[in-house]
Q: 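Questions regarding the structure given below will be posed in turn.
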Amino acid sequence: MAVSLDVEVVLLDIEGTVCPISFVKDVLYPYSVQALPNVLATQWDSPSFATYRSRFPEEYCNSREGLSAHFNDLVSRDVKISYLKDLQGYLWIKGYESGEIRCPLFPDVHPSFLKWQKAGAAIVIYSSGSVAAQKLLFQYTNSKPDADLRPLISGYFDTVNAGMKKDVSSYRKIAASRKEDIGKWLFLSDRVEEVEAAKEAGMQSLVVVRSGNAPLTEEENKKHELIASFDEIKIVR
């Protein structure tokens with residue numbers, strides 16, 4: 001069902017919104033777990049890796065075995081904590097640069113980015129993954145002929161520079177970073193609790209229903225406006 005909205009900024013979640021949840025859970029997470037042992041063996045004392053190691057709690061950052069076990073535990077439980085997300089982003093760099101990893105965007109994403117940009121709406125990203133990891137994901141996509149979508153994106157936010165995604169204050173902080181009124185922002189996410197927080201903050205927000213996402217309850221289906229594709233959004237100014 002088409003939705004016409006007066007919007008100046010589109011704020012986007014990533015996982016389950018612009019790409020399948022399975023890409024993150026079945027590709028990115030396992031890659032980071034597999035890549036970590038070699039990095040621990042070869043880069044433990046390197047300044048580049050030490051930056052990430054030092055962010056871990058003291059009881060883990062001084063032991064290869066301890067850090068590895070803690071990292072694997074956090075990944076297995078999908079814990080949203082900044083020092084884990086920062087290290088994951090670092091570990092993914094080689095995979096993206098080698099071509100082993102490519103983000104499989106849903107087919108409506110890139111055309112919609114172009115359409116929204118033409119309509120005068122800025123595109124901003126907000127994910128629990130680190131800003132560095134977000135930029136890698138949008139640099140190395142399956143889009144053709146342009147795989148790098150970063151030129152279309154005006155800003156990036158994560159749990160460090162914005163706050164947790166279930167917190168109303170996070171959305172107000174993000175909106176305050178730009179000149180547009182918060183009521184002219186549209187937040188798109190597959191997570192109902194995030195959509196509700198964005199709405200409470202004053203944003204417009206829709207729940208994105210994609211293949212592979214967790215099913216919504218009957219109450220959630222009735223309470224929120226749903227879209228299955230960005231093609232359903234028409235920006236009117």
Side-chain angles (χ1 to χ4, degrees), residues 1-24 103-128 134 137-138 141-143 146 149-157 162 165-237:
M1 183 170 62
V3 184
S4 295
L5 300 168
D6 183 3
V7 169
E8 295 179 2
V9 184
V10 180
L11 180 65
L12 292 156
D13 171 49
I14 292 180
E15 179 183 343
T17 300
V18 303
C19 69
I21 290 176
S22 59
F23 171 63
V24 177
C103 176
L105 296 174
F106 291 115
D108 54 287
V109 173
H110 192 185
S112 294
F113 276 26
L114 295 172
K115 179 178 65 176
W116 296 338
Q117 186 184 59
K118 187 176 181 180
I123 297 167
V124 178
I125 307 301
Y126 180 29
S127 172
S128 59
Q134 294 174 33
L137 185 147
F138 284 104
T141 77
N142 63 344
S143 291
D146 301 315
L149 270 58
R150 291 176 302 166
L152 302 174
I153 298 171
S154 299
Y156 302 85
F157 291 90
K165 298 186 71 183
K166 297 179 184 180
D167 294 346
V168 174
S169 60
S170 300
Y171 299 88
R172 290 177 176 152
K173 184 175 182 180
I174 291 171
S177 71
R178 296 180 57 93
K179 60 181 176 57
E180 296 88 354
D181 183 82
I182 195 168
K184 298 290 187 178
W185 285 65
L186 170 65
F187 176 57
L188 302 175
S189 174
D190 63 307
R191 303 297 297 270
V192 169
E193 61 270 27
E194 296 173 4
V195 167
E196 290 177 342
K199 285 182 176 179
E200 187 175 342
M203 291 184 181
Q204 302 175 62
S205 191
L206 305 173
V207 177
V208 182
V209 180
R210 300 284 199 181
S211 175
N213 289 3
L216 302 177
T217 66
E218 183 177 350
E219 181 182 352
E220 289 169 341
N221 274 292
K222 291 178 179 178
K223 183 178 180 181
H224 298 283
E225 198 161 8
L226 316 177
I227 59 167
S229 168
F230 294 168
D231 292 336
E232 299 173 43
I233 300 171
K234 181 181 180 182
I235 293 179
V236 294
R237 299 288 297 276

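As a basis for the values below, the full set of heavy atoms in this structure was taken, side chains included, without hydrogen atoms, waters or symmetry mates.
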Q: Would you please name every residue forming a side chain to side chain donor-acceptor pair (under 3.5 Å) with R191, sequence neighbours left out?
A: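 R191 satisfies side chain to side chain donor-acceptor pair (under 3.5 Å) with E193 only.
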Q: Do the non-hydrogen side-chain atoms of L12 and V109 ever get within less than 4.5 Å of each other?
A: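 No. Closest side-chain heavy atoms not under 4.5 Å.
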Q: Within the structure provided, determine whether L5 and L206 are in side-chain contact (heavy-atom separation under 4.5 Å).
A: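 Yes, close enough: below the 4.5 Å cut-off.
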Q: Is there a side-chain contact between L152 and F138, using heavy atoms and a 4.5 Å cut-off?
A: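 Result no, sub-4.5 Å side-chain heavy-atom pair not found.
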Q: According to ring pair (Phe, Tyr, Trp, His ring centres under 6.0 Å), does anything in residues 168-193 pair up with another residue at least two apart or in another chain? List the pairs.
A: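 Checked against ring pair (Phe, Tyr, Trp, His ring centres under 6.0 Å) - neighbours excluded - the pairs reaching residues 168-193 are Y126-Y171, Y171-F187.
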Q: For L186 and I235, run side-chain contact (heavy atoms from CB on, under 4.5 Å): C-alpha distance rounded to whole Å, both residues' side-chain angles, the deciding distance at 0.1 Å, then the answer.
A: CA-CA 10 Å; L186 170 65; I235 293 179; 5.8 Å; no
Q: To the nearest 0.5 Å, what is the distance between CD1 (I174) and CZ (F157)?
A: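 If we round to the nearest 0.5 Å, I174:CD1 and F157:CZ are 5.5 Å apart.
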Q: Could you list the residues that satisfy side chain to side chain donor-acceptor pair (under 3.5 Å) with S189, not counting sequence neighbours?
A: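 So S189 forms a side chain to side chain donor-acceptor pair (under 3.5 Å) with E194.
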Q: Minimum heavy-atom separation for T17 to L188, with atom names?
A: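 Scanning both residues, the minimum pair turns out to be CG2-O, 3.7 Å.
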Q: Tell me which pairs pass salt bridge (Lys or Arg N to Asp or Glu O under 4.0 Å) where either residue lies in residues 14-24, with sequence neighbours left out.
A: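 Those involving residues 14-24 are E15-K25.
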Q: Ignoring hydrogens, what is the shortest heavy-atom contact between A197 and V168? Give both atom names and the distance.
A: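 Heavy atoms only, the tightest pair is O-CG2, 3.8 Å.
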Q: Quick one: ring-ring contact (aromatic ring centres under 6.0 Å, His included) partners of F230, sequence neighbours excluded?
A: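 Per chain and number, F230 pairs via ring-ring contact (aromatic ring centres under 6.0 Å, His included) with W116.
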Q: Please tabulate, one pair per line, all N/O donor-acceptor pairs under 3.5 Å involving side-chain atoms of residues 214-221, not counting sequence neighbours.
A:
from: T217; atom 1: OG1; to: E220; atom 2: N; distance (Å): 3.1
from: T217; atom 1: OG1; to: E220; atom 2: OE1; distance (Å): 3.4
from: E218; atom 1: OE2; to: K222; atom 2: NZ; distance (Å): 3.2
from: E220; atom 1: OE1; to: T217; atom 2: N; distance (Å): 2.9
from: N221; atom 1: ND2; to: T217; atom 2: O; distance (Å): 3.0

Q: Grab the two heavy atoms, one from I182 and one from A175, that are nearest each other, plus how far apart they are.
A: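 Minimum heavy-atom contact is CG1-CB, 3.6 Å.
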Q: Report the distance from atom OG of S211 to atom CZ of F106, rounding to the nearest 0.5 Å.
A: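 The distance works out to 7.0 Å.
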Q: Applying side-chain hydrogen bond (donor to acceptor under 3.5 Å, both in side chains), which residue pairs with at least one partner in residues 195-207 are found, sequence neighbours left out?
A: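 Only E196-K223, E196-H224, K199-H224 qualify under side-chain hydrogen bond (donor to acceptor under 3.5 Å, both in side chains).
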Q: Taking D181 for the side chain and G183 for the main chain, is one N or O donor matched with an acceptor at less than 3.5 Å?
A: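 Yes, because the side chain of D181 sits within donor-acceptor range (under 3.5 Å) of the backbone of G183.
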Q: What pairs of residues pass the side-chain hydrogen bond (donor to acceptor under 3.5 Å, both in side chains) test when at least one of them lies in residues 2-12, not counting sequence neighbours?
A: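 Checked against side-chain hydrogen bond (donor to acceptor under 3.5 Å, both in side chains) - neighbours excluded - the pairs reaching residues 2-12 are D6-K184.
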Q: What are the two closest heavy atoms between V18 and D13, and how far apart are they?
A: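 It is CG1-O, 3.7 Å.
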Q: How long is the gap from SG on C19 to CG on L137, to the nearest 0.5 Å?
A: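 Interatomic distance, C19 SG to L137 CG, rounded to 0.5 Å: 5.5 Å.
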Q: Restricting to pairs with a member in residues 203-212, which pass salt bridge (Lys or Arg N to Asp or Glu O under 4.0 Å), not counting sequence neighbours?
A: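 Listed once each, the pairs are D108-R210.
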Q: Just to verify, what does D146 make a side chain to side chain contact (heavy atoms under 4.5 Å, CB included) with, not counting sequence neighbours?
A: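 With neighbours one apart ignored, the set is H110.
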Q: Return the CZ to CG distance between R172 and D167, rounded to the nearest 0.5 Å.
A: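 Interatomic distance, R172 CZ to D167 CG, rounded to 0.5 Å: 11.0 Å.
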Q: Using the salt bridge (charged side-chain N to carboxylate O under 4.0 Å, His left out) criterion, which residues pair with E180? Sequence neighbours excluded.
A: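 Only R178 meet the salt bridge (charged side-chain N to carboxylate O under 4.0 Å, His left out) criterion with E180.
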Q: Of all the heavy-atom pairs spanning G16 and D190, show the shortest one and how long it is.
A: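 So the two residues come closest at O-CB, 3.6 Å.
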Q: Can you name the residues that form a side chain to side chain contact (heavy atoms under 4.5 Å, CB included) with S22, not counting sequence neighbours?
A: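 P20, D26.
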Q: Could you report the tightest heavy-atom contact between D231 and S112, atom names first, then the distance?
A: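 Looking at all heavy atoms of both residues, the shortest contact is OD1-OG, 3.8 Å.
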Q: Below 4.5 Å, heavy atoms only, C-beta onward: do I233 and V10 meet side chain to side chain?
A: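 SC-SC contact between I233 and V10 ruled out.
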